[in-house]
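Numbers restart at 1 for each chain; the letters A, B, ... are given by sequence-line order, proteins then strands.
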There are 2 protein chains.
Amino acid sequence: MLRTNTDFLTYIDKLYQSDQSEISLQNFEKDSLLLRQGEKSHRVFIIKEGIAKCFFAEENGKDYILEFMSKGQVLGEIEVIRQIACLCNVAALTDLQVYVIPAASFKALLAKDFTLNKILLEELAERIINTSSRASFQQLYTVEHGLAKLLELQEKQNLTINKEDMAAYLGITLRSLNRALKSI
Amino acid sequence: MLRTNTDFLTYIDKLYQSDQSEISLQNFEKDSLLLRQGEKSHRVFIIKEGIAKCFFAEENGKDYILEFMSKGQVLGEIEVIRQIACLCNVAALTDLQVYVIPAASFKALLAKDFTLNKILLEELAERIINTSSRASFQQLYTVEHGLAKLLELQEKQNLTINKEDMAAYLGITLRSLNRALKSI
DNA sequence: ATTTCTTTTGGACATTTGTCCTTTTCTGCT
DNA sequence: AGCAGAAAAGGACAAATGTCCAAAAGAAAT
């Protein structure tokens, strides 16, 4: 659930140093929004330090957290690849340091660098694996199962998430989360 | 929900004709299994004709259908990219004609052909968009909303799915599906 | 320490969904 | 048409989850 990608980070670190390229470093304060669902963005981010969350804000007022992103995770690439407005919101859970690449440069890189293509394909494949197996799991098992798994992951990754985010990650209400926590 | 990809099909058609490559054409009968969850596979399929379903078989006996795949959709590529056993089952819903590429050839192609990389990146990005927005929607809205959307898509795409598959796509039981169908 | 305000938790009830099993409908056969 | 068996639908109850709101706990100020 707390996704990282060392290959990607290494790749971008190098690019940033070697190249006098279009890449820049930028900071985001905790709680600020990197990408706003529905809005066009023309930048791709790669997290150098810190944690962000990707979440859908549905029209009924509820949120669904897709992933918690950390070192080496790329943001906004789907939007650039498919030329669409932001799929979901991305918010900083901690102070964040990110590499920023203009969409045009990112595309240009993709058109000439097999390494980047490979890294990206592997990352997208991994996300499909995660997202789809979680969707299946959450649909077909009880909340308690899902919660148990979440707590386990949190422990393993030394991550503390507030209850509201836990509920949004599980796609349930706070009330249900509290109930499930009791019964475990 | 019935995913296609004309670019991919065109690309493979050409490759199959031009090249005396490793690509072959193969047929699968309705109801046969192209990929079995958990088993290693060393082939990538591209659907030329027909419809397949990708589904998880969870340990509690329930199924969750990820997608219905048709012309130009690629199968088994995630497994090759990440070098893992099959993530889910893929079954033929109709008789199927597919191109088959050995994993090694597929990788070799990826390492030298930007066009393939681009097509694949676009396809994976699209799948992430679909899978994640559906996960969010299914978690945060009622079954009736989900069913309404499903019926709409079915109509739009001229697709008839049996009730069992509809339920598996929605991640609910047949009983719940019947109830929801009544109340619409 | 006491008060006040805010945040978190949990009770009570309503709604949704699942489970189990009976009833109904359909199909093929005579 | 009538029957037997199979498949699909639905009733009845149980379990899970959501909604709404009151109670409890925590934080800040004096």
Side-chain angles (χ1 to χ4, degrees), chain A residues 1 30-31 53 55-66 68 91-94 133-155 159-184, chain B residues 1 30-31 53 55-66 68 91-94 133-155 159-184:
Chain A
M1 54 167 322
K30 181 167 145 79
D31 295 330
K53 65 171 175 181
F55 65 104
F56 283 100
E58 295 285 353
E59 288 181 358
N60 61 6
K62 298 178 180 176
D63 286 352
Y64 182 77
I65 295 180
L66 267 179
F68 296 95
L93 280 189
T94 66
S133 36
R134 179 151 76 98
S136 175
F137 189 86
Q138 286 188 341
Q139 283 294 328
L140 302 185
Y141 286 91
T142 61
V143 166
E144 270 169 51
H145 269 84
L147 175 59
K149 209 166 190 175
L150 172 59
L151 291 174
E152 208 179 290
L153 286 173
Q154 251 185 288
E155 181 119 11
L159 178 64
T160 7
I161 310 172
N162 68 37
K163 288 197 174 179
E164 212 178 340
D165 282 349
M166 287 177 64
Y169 184 81
L170 295 171
I172 58 177
T173 60
L174 238 189
R175 184 71 194 88
S176 297
L177 175 66
N178 276 326
R179 244 188 309 243
L181 279 169
K182 284 243 154 163
S183 76
I184 282 190
Chain B
M1 52 169 322
K30 181 167 147 79
D31 295 328
K53 65 171 174 181
F55 65 105
F56 283 100
E58 296 285 352
E59 289 182 356
N60 61 7
K62 298 178 180 176
D63 286 352
Y64 181 77
I65 295 180
L66 267 178
F68 296 94
L93 280 190
T94 65
S133 35
R134 178 150 77 102
S136 175
F137 188 86
Q138 285 188 340
Q139 282 295 327
L140 303 185
Y141 286 90
T142 61
V143 166
E144 271 169 49
H145 269 83
L147 174 59
K149 210 167 188 172
L150 171 58
L151 291 174
E152 208 179 291
L153 286 172
Q154 252 184 288
E155 180 119 10
L159 179 65
T160 4
I161 311 173
N162 68 37
K163 287 196 175 181
E164 212 178 341
D165 282 348
M166 286 176 66
Y169 184 81
L170 295 170
I172 60 178
T173 59
L174 238 189
R175 184 69 193 89
S176 297
L177 175 66
N178 277 326
R179 246 190 306 244
L181 279 169
K182 284 242 155 166
S183 75
I184 280 188

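Across the protein-nucleic acid pair, A/Lys182 atom NZ and D/dA16 atom C1' stand 18 Å apart, rounded to whole Å. When rounded to the nearest whole Å, the span between CG of A/Leu140 and C1' of C/dT17 equals 13 Å. Computed from coordinates, the A/Ile184 CD1 to D/dA16 P distance equals 13 Å when rounded to whole Å. As rounded to whole Å, 12 Å separates atom P of C/dG18 from atom CG of B/Asn178. When the C1' atom of D/dA7 is taken as reference, atom CG of B/Asn162 falls 12 Å away, rounded to whole Å. The separation between A/Leu181 atom CG and C/dT9 atom P is 9 Å, rounded to whole Å.
Every residue two or more places apart in sequence or in another chain was checked for a side-chain hydrogen bond (donor to acceptor under 3.5 Å, both in side chains) with A/Lys149, and none qualifies. Applying the side-chain hydrogen bond (donor to acceptor under 3.5 Å, both in side chains) rule to B/Thr173 yields the partners B/Ser176; only residues at least two apart in sequence or on another chain are considered. Here B/Tyr64 pairs with nothing under the ring-ring contact (aromatic ring centres under 6.0 Å, His included) rule; sequence neighbours left out. Contacts of B/Lys30 classified as side-chain hydrogen bond (donor to acceptor under 3.5 Å, both in side chains), with partners at least two apart in sequence or in another chain: none. A/Ser183 is linked by a side-chain hydrogen bond (donor to acceptor under 3.5 Å, both in side chains) to A/Glu144, counting only residues two or more places apart in sequence or in another chain. Partners of B/Leu181 under the side chain to side chain contact (heavy atoms under 4.5 Å, CB included) rule, at least two apart in sequence or in another chain, are B/Leu147, B/Leu151, B/Lys163, B/Leu177, B/Asn178. Residues passing the salt bridge (charged side-chain N to carboxylate O under 4.0 Å, His left out) test with B/Lys53 are B/Asp165, sequence neighbours excluded. With sequence neighbours excluded, the residues that form a ring-ring contact (aromatic ring centres under 6.0 Å, His included) with B/Tyr141 are B/Phe137, B/His145.
Looking at residues 163-177 of chain B, you'll see B/Lys163, B/Arg175 sit with a heavy atom under 4.0 Å from some atom of DNA chain D. For residues 142-150 of chain A, proximity to DNA chain D is found at A/Val143, defined as any non-hydrogen atom under 4.0 angstrom from a strand atom.
Below the 3.5 angstrom threshold, one finds a donor paired with an acceptor across the side chain of A/Arg179 and the base of D/dG18.
Residues B/Ile161 and B/Tyr169 are not in side-chain contact: their nearest non-hydrogen atoms beyond the backbone lie 4.5 Å or more apart.
Heavy atoms only, all atoms of each residue included: B/Ser136 and A/Glu58 are closest at OG-OE2, 2.6 Å.
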Which protein N or O atoms sit under 3.5 Å from an N or O of nucleotides 24-26 of chain C?
none

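Note on residues 174-183 of chain A: no pairs pass salt bridge (charged side-chain N to carboxylate O under 4.0 Å, His left out), not counting sequence neighbours.
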